[in-house]
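Since the model is a prediction, treat every value here as computed from it, not as a measurement. Within every chain, numbering begins at 1; the chains are lettered A, B, ... in the order of the sequence lines, protein sequences first and strands thereafter.
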There are 2 protein chains.
Amino acid sequence: MSAAFALFAERGFDGTTTDDIAQRAGVGRTTFFRTFRTKEDVIFPAHEDLLERIGARLAVATPRTRDVALTEAAGIVLRHYLAEGELARARYRLVSSVPVLRAREVAGIQQYQRLFAASLTDWMAGEPDGELRAGLVAAAVVTAHNYVLRRWLRGETDTPEADFERSMEVALRQFRESPVGGEETAVVVLRTTAGLEDVVTRLRPLLEHRDEATER
Amino acid sequence: MSAAFALFAERGFDGTTTDDIAQRAGVGRTTFFRTFRTKEDVIFPAHEDLLERIGARLAVATPRTRDVALTEAAGIVLRHYLAEGELARARYRLVSSVPVLRAREVAGIQQYQRLFAASLTDWMAGEPDGELRAGLVAAAVVTAHNYVLRRWLRGETDTPEADFERSMEVALRQFRESPVGGEETAVVVLRTTAGLEDVVTRLRPLLEHRDEATER
DNA sequence: TCGCGTTTGGTACTGAGTACCATACTTGCG
DNA sequence: CGCAAGTATGGTACTCAGTACCAAACGCGA
């Protein structure tokens, strides 16, 4: 497999035949195709495994633990690539420059997204626009993950984990217990004989913990 | 091209050779490859054209007209498939059953999404998390579009245009002039000698057109 | 050492995609 | 009308990914 990456770097993806790779690796062409079903598979060997691990993480989640589950599941993928280090960056350069590999990668990402969407659809069944909104959340998760991963691959950040937490927060914020009716702003007007000081004093704690505040 | 679709329906995608298609169409194999660069290209002939039309629509938009532009640009794609009618459904069945075609389609969708993201990144440059949020909006647009298109392709709706408007509204609502600090609720309290009737009368129009109301 | 299952490598084949060439087929012009 | 130059077409031959099949090598317990 390192033989393949080396050759791709030397002669490019199209300029390298499966014969070349097998020969450099010291095995027969047949063995190569038994190990990696296609030439492209050499480049994405962990994909199946990652899909499984994401599925497993999502399977033990509930609607209540949704956001943590999504973040952790996507985090599995992110951390996998971080652990690969320079190899992940080499793959990124390769994939960026070869359209067919890009297509392959996007297809893989789509599989992640479908996995997220499937769980979300379960969790949100019954909600208005449940299926659509499930798809939107899944897309947001994948987008946030890719955004951070890409930045790290390009060397634009060296705090990817922290960036990831922040990005997931940005991505998921708007979907959190979103108001069903679509009213995001409530204006309440009342007349009272209480002094302005009194009113402000009682409002401040509500404003500072707005999650609870909206309930009252 | 209809020759190809017919053969794919008869013998499946893998069971049909380019020779078969060329022969059925009454041309040489060489001509086939000159017309469609690959065997897969027969199935997505309008893709380049759609990309261009989307790009053109987005190019004449501004940050202020963002949401209309996004909706109309995505609408171009939707309406293109609607106009195809049964052909689009045949393609959907084919693509759904052949993994390599699915991958190809997903790659195409990704190109749309990148186009949306590019314009959005321009429009949102300078905003906090602009690039990430641009990506999120692009993903939401594509997701909403695909959701409706897929439902129509499966025959689950016969009012796709109306569904589309609604879905885009759902998808874009949460991104609309979202408050930077994360506060979504504003509570304003003031003392006035004006009667309750008066206050309500002046508030109602603001509440009913909340886009403008939030400005004041 | 033998027997048996598994892993490996080699050969031959199919089919997509490319390169090249020869032949029709258009089109403009004298 | 006829001819020349460009263009579309079809055919042949090639490369290479991926598959099918077979035969030799290898591991391993009895």
Polar pairs (N or O, both sides) under 3.5 Å between protein and nucleotides 7-9 of chain D?
none

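Residue-level contact check: B:Thr17 touches the backbone only, with heavy atoms under 4.0 Å from sugar-phosphate atoms and none from bases.
Side-chain N or O atoms of A:Arg89 include none that pairs as donor or acceptor with a backbone N or O of A:Glu84 at under 3.5 Å. Of the possible polar contacts, none joining the A:Ser119 side chain to the A:Phe116 backbone as a donor-acceptor pair under 3.5 Å is found.
Judged as a ring-ring contact (aromatic ring centres under 6.0 Å, His included), and not counting sequence neighbours, A:Tyr147 has no contacts. Shown here are the ring-ring contact (aromatic ring centres under 6.0 Å, His included) partners of B:Tyr92, two or more places apart in sequence or in another chain: there are none. Residues passing the ring-ring contact (aromatic ring centres under 6.0 Å, His included) test with A:Phe44, sequence neighbours excluded: none. Listed by chain and residue number, A:Phe13 satisfy the ring-ring contact (aromatic ring centres under 6.0 Å, His included) test with A:Phe8 (two or more places apart in sequence, or in another chain).
Rounded to an integer number of Å, the gap from B:Asp19 CG to D:dG10 P is 13 Å. Atom CZ in A:Arg104 sits about 15 Å away from atom P in D:dA17, given to the nearest Å. Here D:dC21 presents its C1' atom at 14 Å from CZ of A:Arg29, a figure rounded to the nearest Å. Distance, A:Leu7 CG to D:dA17 P: 12 Å, rounded to whole Å.
Where DNA chain C meets chain B (any atom under 4.0 Å from a heavy atom), the bounding nucleotides read 5' to 3' are C:dG15 to C:dT18.
Positionally, the nearest nucleotide of DNA chain C for B:Thr18 lies more toward the 5' end than for the other of B:Thr18 and B:Thr30.
Counting only N and O atoms by type, the side chains of A:Asp20 and A:Thr17 include a donor and acceptor under 3.5 Å apart.
Between B:Phe32 and B:Phe36, the distance separating the two ring centers is shorter than 6.0 angstrom.
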